Every structure is written in structure tokens, then in C-alpha cells.
Amino acid sequence: MHELAICQALIIQVEDIARKHAADVEAIWIGVGPLSGVEPRLIERAYLLVAQGGRASEAQLHIQSLPVRVVCSSCGTHSDVTPNNLVCTACGDWRTTLLCGDELSLLRVQLLAPTSSHSIPRPAHV
Amino acid sequence: MCDSCGCNLTPGNQAMALQPLPASVTAVEVLSGLLNANDLAAQHNRAHLDAHGVLTINLMSSPGAGKTTLLEQTIAALRGHLRIGVIEGDLDTENDAERIRRQGVPAVQITTGSACHLDAHMVHDALHTLHLHELDLLFIENVGNLVCPASFDLGQHCNVVLLSYTEGDDKPAKYPVMFRTADLLLLTKSDLAPYLDDFDPARAKTNLRALANSAPVMTVAARGEQDLNAWLTWLESRLQAHRSYLSLDSLA
């Protein structure tokens, strides 16, 4: 429901990175978990609207769907589970901690130097 | 942030590790949450509330589960004991704020127009019309909706989710994002139990536990006073815990 606001935040971070490297954006990777409250297909549509006119207007958006993964407080097993059943698959205990699955994160920004048509071979760190 | 040796990867974020790109490509590896403007506004609200020591509770449920009625009964039960304020959220009408004001308690109505949830900016504006130094407890009655309100931090300290007997005991399984946020699950309208033989509070609790949520589950019938005691005890204990936390924090 609030995918547009999410994309606005995404574009701000992405454009900030692009500006620091004086480059345009070729591609963006984000991670969306099933328990994030955000629908990936709606993010795709909202992104098209929000990216227009900026450094990321030609960028390809890749959405990495994340698993729902928990660790059990009883037996320590890591389980991949479904969003409404976070019970340990090994011992059946419901007392688990979510390791992954409710995130909404920016993962990677791939840059393109604006003056050339191919990427510049210089590694960047954040 | 190291982008080659994997030292920033944990079992939690391993799933987000991407395939490395060829050396000819420039890529900035990031691992940051998309903290948007709402979250920042919510943090500001929370700081403001903490400066006044006001415990703030976000009440969420589907429309008609009994949030306003619960507040009316709670206000009557705590009269003379705790000072309460209320922020009401609805698409339209001042009905709920008027009901609260008739109880002699300050209430601000936020009418959202077509927005299906409250957000931190709306709550921020409402906070500034309340005299927070005169309150112990602030309830935010969110828009009736089991979907969107779960995703908007308002600056509250606790989330209380109401599920009425008439809605069915499988709702925690159907709305995992919402029910995972609950610090307390209140099963309301329990006085209708004789007419609803397919609602099992134990099943609702099992469905909540399956979300790895250890929140207490209480049945309440706001139209019967003795059923509120567990809820009132929970409120008092949360308030004491919150005040202890704030006083420790100020010593740090």
C-alpha cells in the first residue's frame, strides 16, 4: 500500500550513491521479504513512476525475494518456513527468532559512467 | 562495508548476498534498510513522547472489533487513577473523538480522507494539540484495517491488536504481518461466545504462537466490567516498566 513512499526513499539513497560516484545508475538490487508488508509487483510499478527524470531513470530494478528463515530457541535449527507458520521444522517449537523475511533493503547499486557507454573498472566500497 | 570477504554477512542476511559481478563492472554493495520519511517522523514522535514520559499504545483491529468501546470502558475504570489522552483515526466523522470527549478525556480526531491508515506525520500534528505533560497514557486508535496500519510506525511504545469473536479465530494466520506486531492480543466481544460455537480462543492463540509471537492473549467483554481486570493490570505493568526504563535511560 505504501510502495510509492518506499520507492521515493529508495531513489533518494540510490541517487545519493550515484552522485558520490559522479555516475548514472545502470541497475539496482533490492531485497523484499514476505513479512515486510510490501508487494514486489507494486514496488516495480511504483519504481517506474518515481525514477523518472533522475540518475536512475534508465536503471533496471532487480527484486530479490527473500526466504522466511527462523532459528529455534530450543534446538538451534535454522528453518525455512512460510509467513504464517514460523514453527521450527525440526522440533516443532514456536519459540523461534526471525533471521530473515521481513526486510525491505537496498542491496546493490550498479553504476555507469555518464561520459562512456561501458562501466568503469574501479571497485567501490560503502 | 566490505564487499569481498563476506565479513558483514550473518545467518540473518545471508539470503541477501548477491552473485559477484565481473571486475569490469562498478557496483556499490549496500545493505541498508529503506528507512523512509515515516520511520524518521515516528522516531521523532517517540522521542517527544519519552520526553514527557507518556506511554503510548497503538490500538489496531478490523472495523467494528470494539476499539472505541474498549477505550470508553478503560477510561471509566481508570478515572482518577491515570490521566488518559486519545488520538482517533478514521476516514471520516468525528464520532469516535466525540465519544471519548464525553468521557471527559482529551481526544483529537484525525480524519484521513481516503488514507486507510494513520502515519507518523498525521500523529505528529495531533501530538502538538495535546498537553502531553498532563497525560500518563496516550491511546492511538488506528483506522479499522488489518492490513496497512501494521506497516506504519507512529512512534508508539506498544501495539495492541483486537480480534472480535465474530471475526473468526483464523485471522492471525490470514494477516501475519499485523498479528506479528501485537504486544497483546485482545479477543473482544467474548460475551457472544454462546452464539458463536466455532470461535475457539485456544485456536486463535495457537495461530498467534505460530507467528513466533509470545504476546499474551486475553478475552474481554468490554460491556462486562470484571473482564477488564487482566487488561488493566497489563496496562499498569507496561506503564511502570516504561517509566523504569525511562528513568534508567536518563541516568545513562
Side-chain angles (χ1 to χ4, degrees), chain A residues 1-2 5-10 12-14 17-18 20-21 23 26-27 29-31 33-38 62 64 66-67 69-71 78 82-87 94-113 118-126, chain B residues 1-4 8 10-40 115-117 119 121 145 147-152 170-181 205-214:
Chain A
M1 272 300 305
H2 52 297
I6 299 282
C7 282
Q8 286 169 335
L10 168 66
I12 287 169
Q13 277 199 36
V14 165
I17 292 169
K20 282 184 182 143
H21 291 82
E26 188 159 14
W29 278 258
I30 65 171
L35 287 170
S36 65
V38 171
H62 301 276
Q64 176 124 329
L66 303 172
R69 188 167 292 156
V70 297
V71 59
H78 289 204
T82 56
N84 61 9
N85 191 7
L86 276 60
V87 169
W94 61 265
R95 279 167 288 244
T96 62
T97 304
L98 193 70
L99 290 175
C100 176
D102 64 354
E103 298 85 351
L104 180 60
S105 303
L106 174 61
L107 301 179
R108 174 192 282 162
V109 179
Q110 184 177 330
L111 302 170
L112 183 69
H118 53 270
S119 304
I120 42 175
R122 187 170 56 85
H125 297 265
V126 172
Chain B
M1 182 80 81
C2 182
D3 69 351
S4 56
N8 63 334
T10 66
N13 61 26
Q14 237 168 23
M16 294 192 267
L18 298 169
Q19 288 301 311
L21 295 173
S24 57
V25 174
T26 302
V28 178
E29 303 297 323
V30 189
L31 191 59
S32 64
L34 290 172
L35 195 71
N36 58 27
N38 184 78
D39 292 324
L40 293 169
C116 53
H117 56 272
D119 68 21
H121 295 100
N145 178 347
V147 183
C148 314
S151 299
F152 288 85
D170 63 346
K171 294 304 168 292
K174 289 192 174 184
Y175 299 90
V177 176
M178 170 59 75
F179 284 87
R180 272 182 54 79
T181 73
K205 184 174 180 178
T206 301
N207 285 331
L208 183 72
R209 295 287 177 262
L211 304 178
N213 188 340
S214 58

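Values reported hereafter were calculated over all heavy atoms of this structure, with side chains retained and with hydrogens, waters and symmetry mates removed. Here is how names work: the chains are called A, B, and so on, in the same order as the sequence lines, proteins then strands, and each is numbered from 1. Note that the structure is predicted; figures quoted are calculated from it, not measured.
One distance of note links CG of A/Leu98 with CG of B/Asn213; it measures 12.0 Å at 0.5 Å rounding. Note: B/Thr181 OG1 to A/Leu35 CG = 11.5 Å, rounded to the nearest 0.5 Å. The CZ atom of B/Arg180 sits 5.5 Å away from atom CG of A/Leu86, with the distance rounded to the nearest 0.5 Å.
Both the backbone and the side chain of B/Ala173 come within contact range of chain A, with heavy atoms under 4.5 Å apart. Contact annotation for B/Asn38: neither backbone nor side-chain heavy atoms come within less than 4.5 Å of a heavy atom of chain A. Contact of A/Ile12 with chain B is not made at all, since no heavy-atom distance falls under 4.5 Å.
Between B/Ser151 and A/Ser36, the shortest heavy-atom contact is OG-O, 4.3 Å. Contact between B/Ala212 and A/Thr96 at its shortest, heavy atoms only, is CB-OG1, 3.4 Å.
Contacts of A/Thr82 classified as side-chain contact (heavy atoms from CB on, under 4.5 Å), with partners at least two apart in sequence or in another chain: A/Asn84, A/Asn85. Residues passing the ring pair (Phe, Tyr, Trp, His ring centres under 6.0 Å) test with A/Trp29, sequence neighbours excluded: A/His62.
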